[in-house]
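Just so you know, these numbers use all the heavy atoms, side chains as well, and skip hydrogens, waters and symmetry mates. Numbers for residues simply follow the sequence, beginning at 1.
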Amino acid sequence: GRRQRAPFRRGRARRIAGEWRGAAARQAASPRAGFRAAAAPAGPATVEALNASNPGTLNEALGIRLTEVGDDFLRGTLPVDQRTIQPFGLLHGGASVALAETLGSLGGWLTLPAGGGRTVGIEINANHIRAASAGEVTGTARPLHLGRSTQVWEIRIEDAQGRLTCISRLTLAVVAG
């Protein structure tokens, strides 16, 4: 069988869907104060609040939408359309990587305690398993390692039939501020 993933560790990292604490302090410390304001309401993280940070970003340009915040995962979609295909009509690998890094980076940030800094990508890899040429793909990010200075996330991207199109691993640095 498939290996069961351990839930987020208590103390060092919150559950993704857990309560937000210290939103005002996080907002004030961020160079992207608008993002923190949209994404850090009092109470649980919501897809509405996270998606509110999309205007003017790569997420908006590519049509990336967050769809679900779970106890140990973050899920989002990417359309396969004129914005995201390559000249042969297939989903561009870079668009898949953009979805993977978006989900992993936001997931990592959501696990940090109040005042715990932010996460930035330091390495990403992606294996493109199956082509997608229409519809949308769905990515699901889950943590493999949540440390004090680094995090490692696995992002599975599947087509509408649930077939794996891309598997990615993202390493994040946890930095102050």
Side-chain angles (χ1 to χ4, degrees), residues 8 13-18 20 26-27 30-41 44-86 90-112 116-130 132 135-146 150-160 164-175 177:
F8 287 114
R14 292 178 303 171
R15 294 162 46 136
I16 288 180
W20 292 74
R26 293 169 90 169
Q27 178 181 349
S30 173
R32 286 195 65 201
F35 173 76
R36 298 292 188 192
T46 66
V47 293
E48 294 81 12
L50 294 169
N51 282 325
S53 68
N54 282 349
T57 68
L58 182 66
N59 291 353
E60 179 183 47
L62 295 180
I64 293 172
R65 299 292 298 163
L66 300 176
T67 59
E68 190 175 356
V69 180
D71 287 344
D72 68 343
F73 69 91
L74 186 61
R75 186 167 289 139
T77 60
L78 172 75
V80 180
D81 63 17
Q82 75 284 354
R83 297 171 290 180
T84 60
I85 60 171
Q86 37 97 316
L90 304 174
L91 179 62
H92 194 290
S96 294
V97 172
L99 174 62
E101 185 151 3
T102 295
L103 294 174
S105 294
L106 279 173
W109 178 73
L110 291 175
T111 66
L112 297 179
R118 61 180 179 220
T119 55
V120 294
I122 57 175
E123 192 274 336
I124 189 166
N125 79 5
N127 296 101
H128 306 287
I129 309 298
R130 176 185 303 273
E136 70 179 13
V137 293
T138 300
T140 303
R142 295 182 189 277
L144 300 175
H145 164 74
L146 295 173
T150 62
Q151 296 183 6
V152 179
W153 287 73
E154 176 186 83
I155 303 92
R156 296 179 56 87
I157 301 175
E158 300 174 343
D159 64 15
L164 184 65
T165 62
C166 179
I167 183 90
S168 182
R169 187 184 67 242
L170 172 65
T171 304
L172 300 170
V174 178
V175 296

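- Judged by distance alone, with hydrogens and angles left aside, the side-chain atoms of Asn51 form a donor-acceptor pair with the main-chain N or O of Leu66 at under 3.5 Å.
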**Message:** Run Val175 and Thr119 through side chain to side chain contact (heavy atoms under 4.5 Å, CB included) and show every step you take.
**Reply:** CA-CA 6 Å; Val175 296; Thr119 55; over 6 Å; no
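- Closest approach of Ala173 and Ile122 over heavy atoms only: CB-CG2, 3.8 Å.
- Side-chain N or O atoms of Thr165 include one that pairs as donor or acceptor with a backbone N or O of Ile157 at under 3.5 Å.
- The structure places CZ of Arg169 at 12.5 Å from NE2 of His145, a figure rounded to the nearest 0.5 Å.
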**Request:** Kindly determine whether Val47 and Val69 satisfy side chain to side chain contact (heavy atoms under 4.5 Å, CB included), including the steps that lead there.
**Result:** CA-CA 7 Å; Val47 293; Val69 180; 3.8 Å; yes
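- Using a 4.0 Å cut-off between charged nitrogen and carboxylate oxygen, Glu154 and Arg156 do not count as a salt-bridge pair.
- Of the possible polar contacts, one joining the Ser168 side chain to the Asn125 backbone as a donor-acceptor pair under 3.5 Å is found.
- Contact detail for Thr77 and Thr67: the closest heavy-atom pair is CG2-CG2, 3.8 Å.
- Taking 4.5 Å as the limit, every side-chain heavy atom of Glu68 sits out of range of all side-chain heavy atoms of Leu74.
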**Message:** Please determine whether side chain to side chain contact (heavy atoms under 4.5 Å, CB included) holds for the pair Arg65 and Asn54, giving the CA-CA distance in whole Å, both sets of side-chain angles, and the decisive distance to 0.1 Å.
**Reply:** CA-CA 8 Å; Arg65 299 292 298 163; Asn54 282 349; 3.7 Å; yes
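- Here the CD atom belonging to Glu158 is positioned 9.0 Å from the CD1 atom belonging to Ile167, to the nearest 0.5 angstrom.
- In summary, of the residues considered (Leu170, Leu58, Leu106, Leu172), a side-chain contact (heavy atoms from CB on, under 4.5 Å) with Glu101 occurs for Leu170 alone.
- Shortest non-hydrogen contact noted between Ala98 and Leu62 is CB-CD1, 3.7 Å.
- Side-chain atoms of Leu110 and Leu50, non-hydrogen and from C-beta on, do get closer than 4.5 Å to each other.
- Considering every non-hydrogen atom in both Thr140 and Leu103, the closest pair reads N-CD1, 4.1 Å.
- Judged purely by atom type and a 3.5 angstrom limit, Asp159 has no side-chain atom pairing as donor or acceptor with the backbone of Leu164.
- Between Gly104 and Ala141, the shortest heavy-atom distance links the atoms N-CB, 4.0 Å.
- Gly63 and Pro79 make their closest contact through O-CD, 3.3 Å (heavy atoms, listed as atom of the first residue, atom of the second, distance).
- The OG1 atom of Thr57 lies 8.0 Å from the CD1 atom of Ile64; values are rounded to the nearest 0.5 Å.
- Residues Ile124 and Val97 form a side-chain contact, since some pair of their non-hydrogen atoms from C-beta on lies under 4.5 Å apart.
- If you take CG on Asn127 and OG on Ser96, they are separated by 11.5 Å, rounding to the nearest 0.5 Å.
- Using a 4.5 Å cut-off on side-chain heavy atoms (C-beta onward), Val137 and Leu91 make contact.
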**Prompt:** Could you go step by step and tell me if Gln151 and Thr111 meet the side-chain hydrogen bond (donor to acceptor under 3.5 Å, both in side chains) rule?
**Reply:** CA-CA 10 Å; Gln151 296 183 6; Thr111 66; 3.1 Å; yes
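- A donor-acceptor pair is defined here as one N or O able to donate and one able to accept, closer than 3.5 Å; no such pair exists between the side chain of Ser105 and the backbone of Thr102.
- Here the side chain of Glu60 pairs a donor or acceptor atom with the backbone of Gly56 at under 3.5 angstrom.
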